[in-house]
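Owing to the predicted nature of the structure, the values given are computational and were not obtained by experimental measurement. To find a chain, count down the sequence lines: A is the first, B the second, and so on, and within it residues start at 1.
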Amino acid sequence: MVLSLEHFLVLSAFLFCVGLYGALAKRNAVAIMMAIELMCNAVTVAFVAFARYADPAALAGQVFAVFIITVAAAEVALALAIVLALYRLRRTINVEDIDLLRW
Amino acid sequence: MNDFFLLAAFFLVGGLTLLSAVLVVTVPKIVHSALFLALSFVGVAALFVLLYAEFVAAVQVLIYAGAVVVLMLFAIMLTQGSQTPQSNLPNRQWVLALGVAGALFIVLIAVVYGTAWPISTSPLPAYTTQALGQQLFTTYVLPFEIASVLLLVAMVGAIIIARED
């Protein structure tokens, strides 16, 4: 058995599903952000695996990976700023308690 | 022999990454979750090294394990999420979420093993970092510049949203 594309894609799929479970099943808003970062990482692994096995001349998957990391970092910063502002307003980050559209 | 070592390294590093990812979403204390998340980021960086993407691996450690996890720890500390003894509990719909994630995993496995992936036979560049840099500054220079504007906007936006007023 040689290390091939399918190995990395199965790992990426499992990581993505673990992140999906975390994003759907957690109460703490920061825990949901952590699960979303796991999903972004899973997609990045898939992109880089495709760059290695299907497109080694142009390395487009690695370019995508750099952009995914950039955008995900910016998104985490903004999402955590929103969580902080929400905590100041409602004194909780339990997403089950933040269920009214206006305060 | 080289194939065996690559496979062994993949299973070791991949197993560590998946185990720490599962622990991120299951442990009841959120600070422990953040630390397991850092471990899974480092595991993913090791996977990038296995895929001959050394620059992406370095960026992964720098930005994800270095900055994103620290940012999350700051957010945990500032929102006092760690004061309660069980700060990372599942909500009312966790069984449904497990079902959905499991169903998606089965569908993805079926697609992975059911598709004839176009594996290329052309060789990898000798220095992938150099090739990545060339691509980033010639073919992809416009998204590169837009990404820097996006980072500026995100920074200004985060400061304004999180500001005390």
Visitor: Using heavy-atom distances under 4.5 Å, tell me whether A:Arg27 contacts chain B through its side chain, its backbone, both, or neither.
Guide: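 A:Arg27 touches chain B through backbone and side-chain heavy atoms alike.
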Visitor: For A:Met34 and B:Ile30, run side-chain contact (heavy atoms from CB on, under 4.5 Å): C-alpha distance rounded to whole Å, both residues' side-chain angles, the deciding distance at 0.1 Å, then the answer.
Guide: CA-CA 10 Å; A:Met34 289 186 204; B:Ile30 192 149; 3.8 Å; yes
Visitor: Please state whether the side chain, the backbone, both or neither of B:Ala9 comes within less than 4.5 Å of a heavy atom of chain A.
Guide: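 Neither; nothing under 4.5 Å.
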Visitor: Check the pair A:Val66, B:Phe144 against side-chain contact (heavy atoms from CB on, under 4.5 Å), reporting the backbone distance first and the verdict last.
Guide: CA-CA 10 Å; A:Val66 168; B:Phe144 179 79; over 6 Å; no
Visitor: Is it the backbone or the side chain of B:Phe55 that comes under 4.5 Å from a heavy atom of chain A, or both, or neither?
Guide: side chain
Visitor: Of all heavy-atom pairs between B:Ala21 and A:Leu15, which one has the smallest distance, and what is that distance?
Guide: CB-CD1, 3.5 Å
Visitor: Do you know which of A:Leu84, A:Val76, A:Val48, A:Leu86 has the most heavy-atom pairs under 4.5 Å to chain B?
Guide: A:Val48
Visitor: So which of A:Ala13, A:Ala73, A:Ala74, A:Gly22 has the largest heavy-atom pair count under 4.5 angstrom toward chain B?
Guide: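 Ranked by heavy-atom pairs under 4.5 Å with chain B, first place is A:Ala13.
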Visitor: Among B:Leu71, B:Leu18, B:Leu6, single out the residue with the greatest number of heavy-atom pairs under 4.5 Å to chain A.
Guide: B:Leu18
Visitor: Is B:Ile63 close to chain A through its backbone or its side chain, or both, or neither, when contacts mean heavy atoms under 4.5 Å?
Guide: side chain
Visitor: What part of A:Leu80 lies closer than 4.5 angstrom to a heavy atom of chain B: side chain, backbone, both or neither?
Guide: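 Answer is side chain: those atoms of A:Leu80 sit under 4.5 Å from chain B.
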Visitor: Can you see which heavy atom on A:Arg88 is nearest to which on B:Arg163, and at what distance?
Guide: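 Closest approach of A:Arg88 to B:Arg163, heavy atoms only: NH1-O, 3.4 Å.
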Visitor: Could you grab the distance from atom CG of A:Asn41 to atom OG of B:Ser40, nearest 0.5 Å is fine?
Guide: 6.5 Å
Visitor: Under the criterion side-chain contact (heavy atoms from CB on, under 4.5 Å), I'd like the reasoning laid out for A:Leu59 against B:Gln134: C-alpha separation, chi angles, the key distance, then a yes or no.
Guide: CA-CA 10 Å; A:Leu59 286 184; B:Gln134 275 170 345; over 6 Å; no
Visitor: Counting heavy-atom pairs under 4.5 Å to chain A, which of B:Val68, B:Leu136, B:Val59 comes out on top?
Guide: B:Val68
Visitor: If hydrophobic clusters are built by linking Ile, Leu, Val, Met, Phe, Trp and Tyr wherever their side-chain heavy atoms come under 4.5 Å apart, do A:Ile36 and B:Leu150 end up in the same one?
Guide: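 No, A:Ile36 does not connect to B:Leu150 through the hydrophobic network.
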Visitor: So which of B:Leu132, B:Leu151, B:Val44, B:Val24 has the largest heavy-atom pair count under 4.5 angstrom toward chain A?
Guide: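 Highest number of pairs under 4.5 Å: B:Leu132.
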Visitor: How long is the straight-line distance from CG of A:Leu3 back to CG of B:Asn2, given to the nearest 0.5 Å?
Guide: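 Taking CG in B:Asn2 and CG in A:Leu3, the distance rounds to 10.5 Å.
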Visitor: If you count heavy-atom pairs within less than 4.5 Å of chain B, which of A:Ala54, A:Ala60, A:Ala23 leads?
Guide: A:Ala54
Visitor: Any donor-acceptor pair under 3.5 Å linking the side chain of A:Gln62 with the backbone of B:Val56?
Guide: no
Visitor: Could you check which of A:Ala58, A:Ala35, A:Ala42 has the highest count of heavy-atom pairs closer than 4.5 Å to chain B?
Guide: A:Ala58
Visitor: Test B:Trp117 against A:Ser4 for side-chain contact (heavy atoms from CB on, under 4.5 Å), laying out the working first.
Guide: CA-CA 11 Å; B:Trp117 301 108; A:Ser4 67; over 6 Å; no
Visitor: Looking only at heavy atoms, what is the nearest atom pair of A:Val30 and B:Met72, with distance?
Guide: CG1-O, 4.1 Å
Visitor: Is it true that a side-chain atom of A:Glu96 and a backbone atom of B:Arg92 form a donor plus acceptor pair closer than 3.5 Å?
Guide: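 Indeed, once roles are kept as given, a pair shorter than 3.5 Å links the two residues.
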Visitor: Got a second to check how far B:Thr26's OG1 is from A:Lys26's NZ, nearest 0.5 Å?
Guide: 7.0 Å
Visitor: How close do B:Asn91 and A:Leu24 get, counting heavy atoms only, and between which atoms?
Guide: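 Taking B:Asn91 first and A:Leu24 second, the nearest heavy atoms are ND2-O, 3.3 Å.
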Visitor: May I ask you to name which of A:Val2, A:Ile69, A:Val45 has the most heavy-atom pairs under 4.5 Å with chain B?
Guide: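 Going by pairs under 4.5 Å, I would pick A:Ile69.
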Visitor: Which region of B:Ile109, side chain (C-beta onward) or backbone (N, CA, C, O), has a non-hydrogen atom less than 4.5 Å from a non-hydrogen atom of chain A, or is it both or neither?
Guide: side chain
Visitor: If you count heavy-atom pairs under 4.5 Å between each of B:Val100, B:Thr128, B:Val95 and chain A, which one has the most?
Guide: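 The candidate making the most pairs under 4.5 Å is B:Thr128.
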Visitor: Which atoms of A:Ala29 come close to chain B, meaning under 4.5 Å heavy atom to heavy atom: side chain ones, backbone ones, both, or neither?
Guide: neither
Visitor: Could you tell me which portion of A:Phe14 (side chain, backbone, both or neither) has an atom closer than 4.5 angstrom to a non-hydrogen atom of chain B?
Guide: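 The answer is both parts of A:Phe14.
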Visitor: Most heavy-atom pairs under 4.5 angstrom with chain A, which of B:Val153, B:Val25, B:Leu51, B:Leu50?
Guide: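 That would be B:Leu51.
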Visitor: Applying the 4.5 Å side-chain criterion to the ILVMFWY set and letting contacts propagate, would B:Val141 and A:Val63 be lumped into a single cluster?
Guide: no
Visitor: Can you tell which part of B:Phe11 gets under 4.5 Å to a heavy atom of chain A, answering side chain, backbone, both or neither?
Guide: side chain
Visitor: Can you name the closest pair of heavy atoms from B:Phe105 and A:Val10 and give their distance?
Guide: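 Where B:Phe105 meets A:Val10 most closely, the heavy atoms are CE1-O, 4.1 Å.
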Visitor: Measuring heavy-atom distances to chain A, does B:Ala67 have an atom under 4.5 Å in its side chain, in its backbone, in both, or in neither?
Guide: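 Interface part for B:Ala67: neither.
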Visitor: At a heavy-atom separation under 4.5 Å, does A:Phe8 approach chain B through its side chain, its backbone, both, or neither?
Guide: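 For A:Phe8, backbone and side chain are both near chain B.
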Visitor: What are the two closest heavy atoms between B:Ala154 and A:Leu78, and how far apart are they?
Guide: O-CD2, 3.7 Å
Visitor: Would a hydrophobic clustering, with Ile, Leu, Val, Met, Phe, Trp and Tyr connected at side-chain separations under 4.5 Å, put A:Met39 with A:Val95?
Guide: yes
Visitor: Of the backbone (N, CA, C, O) and the side chain (C-beta and beyond), which part of B:Leu37 lies under 4.5 Å from a heavy atom of chain A, both, or neither?
Guide: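 The answer is the side chain of B:Leu37.
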Visitor: Which answer fits A:Leu5, side chain, backbone, both or neither, if we ask what part of it has an atom under 4.5 Å from a heavy atom of chain B?
Guide: side chain
Visitor: Look up atom CG in B:Leu47 and atom CG in A:Leu11, then write down how far apart they are to the nearest 0.5 Å.
Guide: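 Spacing of CG (B:Leu47) from CG (A:Leu11) equals 5.5 Å.
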Visitor: When you look at CZ of A:Phe67, are more than 12 heavy atoms from neighbouring residues, nucleotides or ligands closer to it than 6.0 Å?
Guide: yes
Visitor: In terms of heavy-atom proximity below 4.5 Å to chain A, should B:Tyr52 be classed as side chain, backbone, both, or neither?
Guide: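 Contact with chain A involves both backbone and side-chain atoms of B:Tyr52.
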Visitor: With a 4.5 Å cut-off on side-chain heavy-atom distances among I, L, V, M, F, W and Y, is there a chain of contacts connecting B:Val111 to B:Tyr113?
Guide: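 Per the 4.5 Å side-chain linkage, B:Val111 and B:Tyr113 are not co-clustered.
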Visitor: Distance from A:Leu9 atom CG to B:Leu108 atom CG, nearest 0.5 Å?
Guide: 9.5 Å
Visitor: Can you tell which of B:Gly157, B:Pro143, B:Ala131 has the highest number of heavy-atom pairs within less than 4.5 Å of chain A?
Guide: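 Greatest number of close heavy-atom pairs with chain A: B:Pro143.
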Visitor: Out of curiosity, does B:Val49 fall in the hydrophobic cluster containing B:Leu12 (side-chain heavy atoms, cut-off under 4.5 Å, transitive links)?
Guide: no
Visitor: Drop me the distance from A:Thr44's OG1 to B:Phe48's CZ, to the nearest 0.5 angstrom.
Guide: 5.0 Å
